[in-house]
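Below is one structure, written out as structure tokens, with a few remarks after it.
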Amino acid sequence: MKFKTIPAHIGVIMDGNGRWAEKQGKKRTEGHREGAKAIDRLLDVALEHKIQAVSLYAFSTENWKRPITEVNAIFNLLIEFIDNRLEDIQKKGIRILHSGNRNKLSGKVKQKIDAAVEATKKNKKLTANFCLNYGGQEEILSSFQRLQKDRIDKKISLDKLVSPKEFEKYLYTYPLPPVDLLIRTAGEQRVSNFLLWQIAYAEFFFTNTLWPDFGRESLEEALHFFESRKRKFGGLS
């Protein structure tokens with residue numbers, strides 16, 4: 001399937017791993033494992049359609065409230081994902097990025113992420129941005145604090161108006177473009193603190209499909225929806 005209009009940057013809230021597992025009579029961790037396979041499918045189809053970037057909501061700042069066994073399983077699956085797929089990701093020309101607060105991440109998780117980011121930094125076909133220990137409100141506050149510190153260090157007046165372009169340079173996602181299309185699976189219709197700045201003019205696509213079942217048809221349905229939209233960015237069509 002070909003599309004006349006393709007989003008440059010897609011954000012994905014990958015919801016429904018636990019519900020998928022429960023429906024299958026399996027442990028929630030098995031749902032997360034199947035969800036990792038769905039990431040593979042998503043990236044492959046994104047490559048085919050020449051999408052520039054995909055941001056994946058892998059673990060939020062609020063997800064620490066979950067049982068420690070599930071939290072550990074998610075991070076272990078991330079390490080496994082990098083170990084098992086990095087070579088293939090390299091061959092496909094995918095660049096890996098990380099967006100999120102590094103403070104609560106273990107040394108092993110940070111080492112794996114940093115190694116993957118470094119190994120793939122020259123790849124240009126697709127950027128896979130893993131939003132890990134990520135929260136939109138925390139990102140905005142952190143960005144402002146770092147901007148303020150830089151202004152003080154450079155002796156720039158704090159009274160000077162901050163422009164959107166100046167502020168965006170401090171976001172975790174910089175220099176990725178704004179999100180054009182936000183996809184959320186599993187029937188929920190909220191943004192859950194995800195990429196709050198970046199989705200200002202995004203089109204929202206909600207589907208009842210659980211994330212482990214998300215595949216080519218699901219993504220192309222979302223792309224078809226995006227193509228049908230008239231994007232006015234506050235103006236007139």
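No hydrogens, no waters, no symmetry mates; every other heavy atom, side chains included, goes into these values.
Shown here are the salt bridge (Lys or Arg N to Asp or Glu O under 4.0 Å) partners of Lys155, two or more places apart in sequence or in another chain: there are none. Residues satisfying the side chain to side chain donor-acceptor pair (under 3.5 Å) criterion with Glu168, sequence neighbours excluded, are Trp197. In this structure, the salt bridge (Lys or Arg N to Asp or Glu O under 4.0 Å) partners of Asp153, at least two apart in sequence or on a different chain, are Lys149. Taking Glu48 as the reference, Arg216 meet the salt bridge (Lys or Arg N to Asp or Glu O under 4.0 Å) condition, with sequence neighbours excluded. Applying the side chain to side chain donor-acceptor pair (under 3.5 Å) rule to Lys92 yields the partners Asp44, Asp88; only residues at least two apart in sequence or on another chain are considered.
Checked by atom type and distance alone, the side chain of His32 never pairs as donor or acceptor with a backbone atom of Ile74 at under 3.5 Å. Remark: side-chain polar atoms of Asn133 are not paired, donor with acceptor, to backbone N or O of Gly100 under 3.5 angstrom. No side-chain donor-acceptor contact under 3.5 Å links Trp211 to the backbone of Thr185. Between the side chain of Ser142 and the backbone N or O of Glu138 there is no donor-acceptor pair closer than 3.5 Å. A distance-only check finds no donor-acceptor pair linking the side chain of Asp213 to the backbone of Thr209 [under 3.5 Å]. Without hydrogens or angle criteria, Asp83 side chain to Glu80 main chain gives no donor-acceptor distance under 3.5 Å. Under the 3.5 Å distance criterion, the side-chain polar atoms of Arg229 are left unmatched by any main-chain donor or acceptor of Glu203. Judged purely by atom type and a 3.5 angstrom limit, His98 has no side-chain atom pairing as donor or acceptor with the backbone of Val117.
The aromatic rings of Tyr134 and Tyr172 lie perpendicular to each other, with more than 60° between the two planes, well past the 30° mark.
You'll find the side chain of Phe225 reaches within 4.5 Å of the side chain of Leu181, heavy atoms only. Proximity of Ile10 to Phe226: side-chain heavy atoms (C-beta onward) are nowhere separated by under 4.5 Å. No side-chain heavy atom of Ile96 sits under 4.5 Å from any side-chain heavy atom of Arg85. Counting only heavy atoms from C-beta outward, the side chains of Gln198 and Glu139 approach each other to under 4.5 Å. Contact check for Asp180 versus Arg231: side-chain heavy atoms found under the 4.5 Å cut-off. Using a 4.5 Å heavy-atom threshold, the side chains of Ile183 and Leu219 count as touching. Between Asp15 and Phe206, the closest side-chain pair of non-hydrogen atoms is not below 4.5 Å. Side-chain contact check for Phe194 versus Cys131: some heavy-atom pair is nearer than 4.5 Å.
Atom-to-atom distance recorded for Leu78:CG and Lys108:NZ is 11.0 Å, nearest 0.5 angstrom. If you take CD on Gln90 and CG on Asn123, they are separated by 5.0 Å, rounding to the nearest 0.5 Å. Here CD of Glu188 is found 9.5 Å from CG of Asn208. Values are rounded to the nearest 0.5 Å. In this structure, CZ in Arg190 is found 13.5 Å from CZ in Phe204, a value given to the nearest 0.5 Å. If you take CG on Leu141 and CG on Asn101, they are separated by 11.5 Å, rounding to the nearest 0.5 Å. Taking CG from Leu132 and CG from Leu97, the interatomic distance works out to 13.0 Å, rounded to the nearest 0.5 Å.
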**OP:** Could you give me the CA-CA distance, side-chain angles and deciding distance for Glu166 and Arg151, then say whether side chain to side chain contact (heavy atoms under 4.5 Å, CB included) is met?
**Re:** CA-CA 11 Å; Glu166 179 186 11; Arg151 281 194 167 190; 2.9 Å; yes

**OP:** Tell me, with the steps shown, if Glu34 and Asn17 meet side-chain hydrogen bond (donor to acceptor under 3.5 Å, both in side chains).
**Re:** CA-CA 8 Å; Glu34 287 299 316; Asn17 289 341; over 6 Å; no

**OP:** Determine, stepwise, if the pair Arg184 / Ser192 fulfils side-chain hydrogen bond (donor to acceptor under 3.5 Å, both in side chains).
**Re:** CA-CA 10 Å; Arg184 180 161 191 160; Ser192 294; 2.6 Å; yes

**OP:** Evaluate the criterion side chain to side chain contact (heavy atoms under 4.5 Å, CB included) for residue pair Arg28 and Glu22; output intermediate values, then yes/no.
**Re:** CA-CA 7 Å; Arg28 288 177 61 86; Glu22 289 166 4; 3.5 Å; yes

**OP:** Show your working on side chain to side chain contact (heavy atoms under 4.5 Å, CB included) between Phe59 and Val71 and close with a plain yes or no.
**Re:** CA-CA 9 Å; Phe59 191 89; Val71 170; 4.0 Å; yes

**OP:** Evaluate side chain to side chain contact (heavy atoms under 4.5 Å, CB included) for Leu86 paired with Thr120, printing each intermediate quantity in order.
**Re:** CA-CA 9 Å; Leu86 186 57; Thr120 62; 3.9 Å; yes

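Exactly one residue among Val179, Leu176, Ile199 makes a side chain to side chain contact (heavy atoms under 4.5 Å, CB included) with Ser55. That residue is Leu176.
When the side chains of ILVMFWY residues are joined at heavy-atom separations under 4.5 Å, either directly or via intervening members, Leu195 and Leu42 end up in two distinct hydrophobic clusters. Under the 4.5 Å side-chain heavy-atom criterion for Ile, Leu, Val, Met, Phe, Trp and Tyr, Leu77 and Ile82 are members of distinct hydrophobic clusters. Residue Leu43 is grouped with residue Val12 when hydrophobic side chains (ILVMFWY) are merged at heavy-atom distances under 4.5 angstrom, including chains of intermediate members. When hydrophobic clusters are built by joining Ile, Leu, Val, Met, Phe, Trp and Tyr residues whose side-chain heavy atoms come closer than 4.5 Å, directly or via intermediates, Leu210 is not grouped with Phe205. Ile94 and Val54 fall within the same hydrophobic cluster, defined by Ile, Leu, Val, Met, Phe, Trp and Tyr side-chain heavy atoms under 4.5 Å apart, directly or through other members.
Using modelled atom types and a 3.5 Å distance limit, the side chains of Arg95 and Thr127 yield a donor-acceptor pair.
Electrostatic pairing of Arg102 and Asp114 counts as a salt bridge here, judged by a charged N lying under 4.0 Å from a carboxylate O.
In the displayed structure, Glu217 atom CD is contacted under 6.0 Å by at most 12 heavy atoms of other residues, nucleotides or ligands. More than 12 heavy-atom neighbours from other residues, nucleotides or ligands sit within 6.0 angstrom of NZ on Lys110.
Taking every heavy atom of both residues into account, Glu70 and Arg66 meet most closely at OE2-NH1, 3.1 Å. Here the shortest heavy-atom pairing between Gly215 and Arg41 reads CA-NE, 3.8 Å. The two residues Ala21 and Gly31 come nearest to each other via the heavy atoms CB-N, 3.7 Å. For the pair Phe167 and Phe144, the tightest heavy-atom approach, listed with the atom from each and the gap, is CE1-N, 3.8 Å.
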Got a list of side-chain donor-acceptor pairs under 3.5 Å for residues 1-8, not counting sequence neighbours?
none

